[in-house]
Structure formats: structure tokens, C-alpha cells
Amino acid sequence: MSANLQVSGQVSSGPSVLSCIVLSSASLLCFVAGFGTGAEFVRFLSFGAIFRNISGGLDGETPITWSEAMRNTQFQYCIGIDIGLLVLFVLQHSIMAWTAVKENVLHVFGVLQRSIYILCTALSLQVLMRFWQPCPQGPYLWNVSAGPWSAWLALLCALLHTVSWLLIFSVLLIFDYAELMGIKQVYYFCLGMGDPLSHKSPRAARLYAHLRHPIYLELLLILWAVPSLPPDRLILATFFTLYLSLVHRLDVQDYAYLRSQLEKKFLLFSREESSAIGGQIWKNN
């Protein structure tokens with residue numbers, strides 16, 4: 001791609017209308033792929049694990065023991081496939097975050113660098129979810145299936161998952177969702193405004209430098225708070241826990257900035273709500 005599609009931190013004259021249309025269309029397609037995959041990932045992590053379990057349940061059958069499972073070739077095959085899928089996702093997610101790789105992608109795709117990252121992440125997640133191998137015969141690390149605890153625990157897990165996802169969505173809004181998904185970069189580029197990060201405060205730039213996963217605790221709760229834990233879910237939760245723990249680098253200053261931004265968002269929403277109520281009262285009078 002030509003050099004005029006490179007991201008710059010300085011304000012420049014905007015590109016041609018045709019370039020803007022092509023870039024915007026590509027960015028929107030990547031956004032749709034990322035958003036749709038994210039919605040499906042919610043179903044994969046929460047709905048199946050709580051209501052059907054990620055393995056689909058035992059249907060009244062007695063789970064096998066760990067010693068039997070280790071001698072079962074079908075069990076070994078399923079676990080091997082699942083581990084391979086997780087390694088593939090982590091490699092894609094990590095390698096594309098390396099500075100050298102980001103610079104090469106930026107050199108080829110220009111302002112679409114973030115959108116390409118989102119698209120590749122969506123594709124790797126789709127492969128993970130499509131080819132994931134459940135282990136319906138166990139063995140379970142824990143399995144609460146006897147009433148009345150089975151119903152109450154499933155309800156409690158559903159509540160915890162709902163709260164966690166709401167917190168995750170709130171954090172994504174604080175972090176400028178359009179920029180995280182690569183749309184804002186294209187918008188700024190078409191207006192000749194350069195890189196959106198160059199317009200942010202030093203505190204925000206510092207946070208973005210440390211940021212890899214702003215949803216650490218919430219995602220850990222979603223991974224482990226399930227009524228039953230079969231081997232495939234155990235591998236999934238353990239793998240993501242180790243990965244998130246290794247890349248989680250936010251410190252006290254980052255959390256202080258996050259808190260200030262959250263307070264600003266709440267203040268903005270409260271003002272808008274007050275304005276809407278005031279306007280409705282004025283119309284009624």
C-alpha cells in the first residue's frame with residue numbers, strides 16, 4: 001500500500017474520497033467480524049458453561065476417573081486438539097502485538113493496522129470455538145448436579161457472569177471502543193488528523209502502553225465460576241489464566257486514571273439524563 005496510507009502523529013491533508021471509502025469499508029468489515037466474534041465468545045464462555053456446560057453434560061452417565069481418562073485415546077485426542085487451538089490463539093494474539101510485527105503490518109496496511117489485528121484475532125477465536133473438542137465423559141474437577149444446589153449454583157453463576165460482562169463492556173467504553181476496534185484510526189486519517197493516540201494526554205498514553213487486557217479479574221471470574229468443570233473447561237480456564245497473568249501490567253497510576261475516567265463518564269451520563277428530564281418537564285409545561 002502506498003506511503004500516504006501510513007499513520008502519522010501529525011495533522012496532514014486528508015486522502016482522496018475513494019481512499020476514504022475503501023479504508024472505511026475495510027475497517028467496518030473488520031469491526032463487524034470482531035463484534036460478531038465477541039458476541040459468540042460470550043455464548044461460548046458463559047451460556048454453554050452454565051446452562052448446558054461447555055461439554056454438554058453427562059445425560060445421567062457416570063463420569064470416568066482420571067486414570068481411565070489418561071488411558072482413553074479419544075480423551076487424549078480431544079485434549080490435544082484443545083491445547084493446540086489455545087496455543088494457536090495465544091501465538092496469534094501475542095506475535096501480532098510485538099513491536100516489530102506491528103511495524104511491518106503498519107508498513108503494509110497503513111492505517112488499517114489495528115483493524116487487521118482485530119480481524120486476525122476474530123479469525124483465531126472462530127477457529128478455537130468451531131474446532132473445540134468437549135469431553136462429555138469427564139472426569140470433572142467438580143460437578144454440582146444434585147438438587148437443590150444445581151439450580152441455585154447455576155443461578156448464582158449466571159448472576160456473576162452477567163455482572164462480569166457488564167463490567168467488561170463498561171471498561172471497553174472507557175477505553176474508547178471505536179479506537180480499540182480500529183475505526184477511529186481510519187476516521188482520523190480521513191480527516192487528516194493523524195494517529196488518535198497522539199491527541200491523548202500523557203496519562204492516557206501511559207495506560208495504553210501498559211494495556212493488553214483491561215478485563216483481567218472479570219474474565220477470570222467468568223472462566224472459573226461454573227457449576228461444573230470438565231477437563232476441556234479446566235484447560236481453557238487454566239490456559240487463559242496463565243496468559244492473562246503474564247500480560248497484565250497495569251499499576252496504581254493506571255488504575256487511578258481509569259477511576260477518574262469512569263467518574264467522568266458517570267458525570268457525563270448524569271448530566272445528559274438531567275437535561276433530558278428537564279426538557280421533558282419544559283415540554284409538559
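Values below: every heavy atom of this structure, side chains too, minus hydrogens, waters and symmetry copies. All values derive from a computational prediction rather than experimental measurement.
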Please report the closest heavy-atom contact between [X] and [Y], naming both atoms and the distance.
X	Y	answer
M96	C120	SD-CB, 3.5 Å
L153	P227	CD2-CA, 3.9 Å
S46	H161	OG-ND1, 2.8 Å
I81	Q133	CG2-CG, 3.6 Å

Is there a donor-acceptor pair under 3.5 Å between the side chain of [X] and the backbone N or O of [Y]?
X	Y	value
W224	L229	no
S124	T121	yes
R114	L180	yes
R233	P134	no

| field | Interatomic spacing from CZ in F169 to CG in L167 - rounded to 0.5 Å | value |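 CG of L167 is found 10.5 Å from CZ of F169.
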| query | Rounded to the nearest 0.5 Å, how far apart are CZ of F189 and OG of S27? | reply | 12.5 Å
| message | Ring-plane angle category for F240 and F41, please: parallel below 30°, perpendicular beyond 60°, tilted otherwise. | response | perpendicular
| query | Can you tell me if Q185 and Q113 form a side-chain donor-acceptor pair at under 3.5 Å? | reply |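 The criterion, which ignores hydrogens and geometry beyond distance, is not satisfied for Q113 and Q185.
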Heavy-atom distance under 4.5 Å between the side chains of [X] and [Y], does that happen here?
X	Y	result
V127	F89	no
F44	L125	no
D82	L236	no
W132	L86	yes
L219	L45	yes

| said: By the definition side-chain contact (heavy atoms from CB on, under 4.5 Å), identify the one residue from T241, L234, T238 that meets it with L223. | reply: T241
